[in-house]
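Naming convention: chains lettered A, B, ... in sequence-line order (proteins, then strands); numbering from 1 in each chain.
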Amino acid sequence: MSETFEEFRRSFSYGSRSNLDFKFLKSLPDDEAAEFFRQLLEELGDAYDHGELDSLIQLAIDWQIRGYAPEEGAPRRWVYEDGPFAAPGKPLAESRVALFTSSGHFVADDDPRPFGVEDMTQQEAEDRIGEFIKAEPTLSRIPAETVREDLRVRHGGYDISSAATDPGVTFPVAVLRELEAEGVIGELHTDAFSFPGATSQMRIVKESGPAWAQMIRDEDIDLVLLVPV
Amino acid sequence: MSVGHVARAIESAGIPTSSIYIRAFRHVAEEMKLSRAVVTRHPMGRPLGAAGDHARHRRVTIAALELFDSAAEPTLVELPEPFRASTRR
């Protein structure tokens, strides 16, 4: 079976070679994607001798940035002239801080069961990404003292392998607990919050976002640290 | 975009937010006019750093929190440190 180069690079985005670290290849024109592979192999060849992978990793990150850069002149959907800015009522060291992420973390015995599916695997979440991005997001409440072993992560939009190994890469509740103990923040809210960010944007804007903001007000949270993925 | 919408909703409710973005999505924080954002030169899926790099996770978290005390107007700060792989295997 013959395959065009375009089909090849697109296959990394939910296709036969799906790899969410490299799904940006779908967005690069053929010539740029070809240049990415050329540079990657050149750096790899050099690494045979010096054994350092830092420049290889940096190359991949640089190309990921290119892959996600907005296309020049293309219309952008969510561009605002200005944004709300709330001033803190008290210093950080006296404030109650909550963590809120789109990393898709949840507590093992509190699976949000997307589409009613029990124990959905990461693979199924990736396979059903088209359904997720049309659906209302489910917010998981995660007690801040939850131990790492009881945390789970599932998100059809990014490679969760790092976040599954160490939640701190997208869900820094352990750091926040330390900062609370050290007095850097006044208090860590009893619960953190997470949802899989690959979800209906319109529902976030019209329903979930305002509802979650009201919930945060009701729980007397002073400041919110947000982590998108 | 999801978190940008959430940040705007929370700010509109009068509660300050600070967000941690990767460089690839810096334009999202800018286009959505977020109140406070820290941008890291890390890859997608690892906004705070590599698995096991607790020192980097702390550095990024503190940078985002400090904006609550320091930013008197909408502020975006890009951290200069390049991504580093953790030594953990």
With a 4.5 angstrom heavy-atom cut-off, which part of B:E73 approaches chain A: side chain, backbone, both or neither?
backbone
Could you list which of residues 218-229 of chain A have a heavy atom closer than 4.5 Å to any heavy atom of chain B, in residue-number order?
A:I221, A:D222, A:L223, A:V224, A:L225, A:L226, A:V227, A:P228, A:V229
Give a yes or no on whether a salt bridge exists between B:K33 and B:E11, defined as a side-chain N under 4.0 angstrom from a carboxylate O.
no
Okay, B:A37 and chain A: the region with an atom under 4.5 Å from a heavy atom over there is neither
Please identify, among A:G197, A:G209, A:G89, A:G168, the residue contributing the most non-hydrogen atom pairs under 4.5 Å to chain B.
A:G168
Short N-O contact, A:K23 and A:E126, less than 4.0 angstrom:
no
In plain terms, say whether B:E78 and B:R41 are close enough for a salt bridge, that is, a side-chain N and a carboxylate O under 4.0 Å apart.
yes
Quick check on the interface: out of B:I15, B:V6, B:L65, who has the most heavy-atom pairs with chain A under 4.5 Å?
B:I15
Where does the angle between the aromatic ring planes of A:F36 and A:F22 fall among parallel (under 30°), tilted (30 to 60°) and perpendicular (over 60°)?
tilted
Against A:H105, only a single residue in A:F195, A:F171, A:F100, A:F193 fulfils ring-ring contact (aromatic ring centres under 6.0 Å, His included); can you say which?
A:F171
Winner by heavy-atom pair count (cut-off under 4.5 Å) against chain A, out of B:G4, B:S19, B:P82
B:S19
Scored by heavy-atom pairs under 4.5 Å with chain B, the best of A:A174, A:S162, A:P137 is A:S162
Pick from B:A24, B:P16, B:A9: which one has the most heavy-atom pairs with chain A under 4.5 Å?
B:P16
For chain A, which candidate among B:S35, B:G14, B:G45, B:S18 shows the most heavy-atom pairs at distances under 4.5 Å?
B:S18
Option from B:R56, B:R23, B:R59 for which salt bridge (Lys or Arg N to Asp or Glu O under 4.0 Å) with B:E81 holds
B:R59
Please answer whether the main-chain N or O of B:G52 pairs with a side-chain N or O of A:D166 as donor and acceptor at a distance below 3.5 Å.
yes
Option in A:Q214, A:R217, A:R77 with maximal non-hydrogen atom pairs under 4.5 Å from chain B:
A:R217
Using a 3.5 Å distance criterion without hydrogens, assess whether the side chain of A:S102 forms a donor-acceptor pair with backbone atoms of A:A198.
no
Checking the side chain of A:R9 only, and the main-chain atoms of A:L28 only, is there a donor and an acceptor separated by less than 3.5 Å?
yes
Between B:A29 and chain A, with a heavy-atom cut-off of 4.5 Å, which part of the residue counts as in contact: side chain, backbone, both or neither?
neither
Could you tell me which of A:P70, A:P210, A:P172 has the largest number of non-hydrogen atom pairs under 4.5 Å with chain B?
A:P70
Donor-acceptor pair, side chain of A:E52 and main chain of A:A47, under 3.5 angstrom
no
Under a 4.5 Å heavy-atom cutoff, which of A:Q58, A:H155, A:E81 has the most pairs with chain B?
A:E81
Does anything in residues 51-85 of chain B pair up under ring-ring contact (aromatic ring centres under 6.0 Å, His included), and if so which pairs, sequence neighbours excluded?
B:H42-B:F83
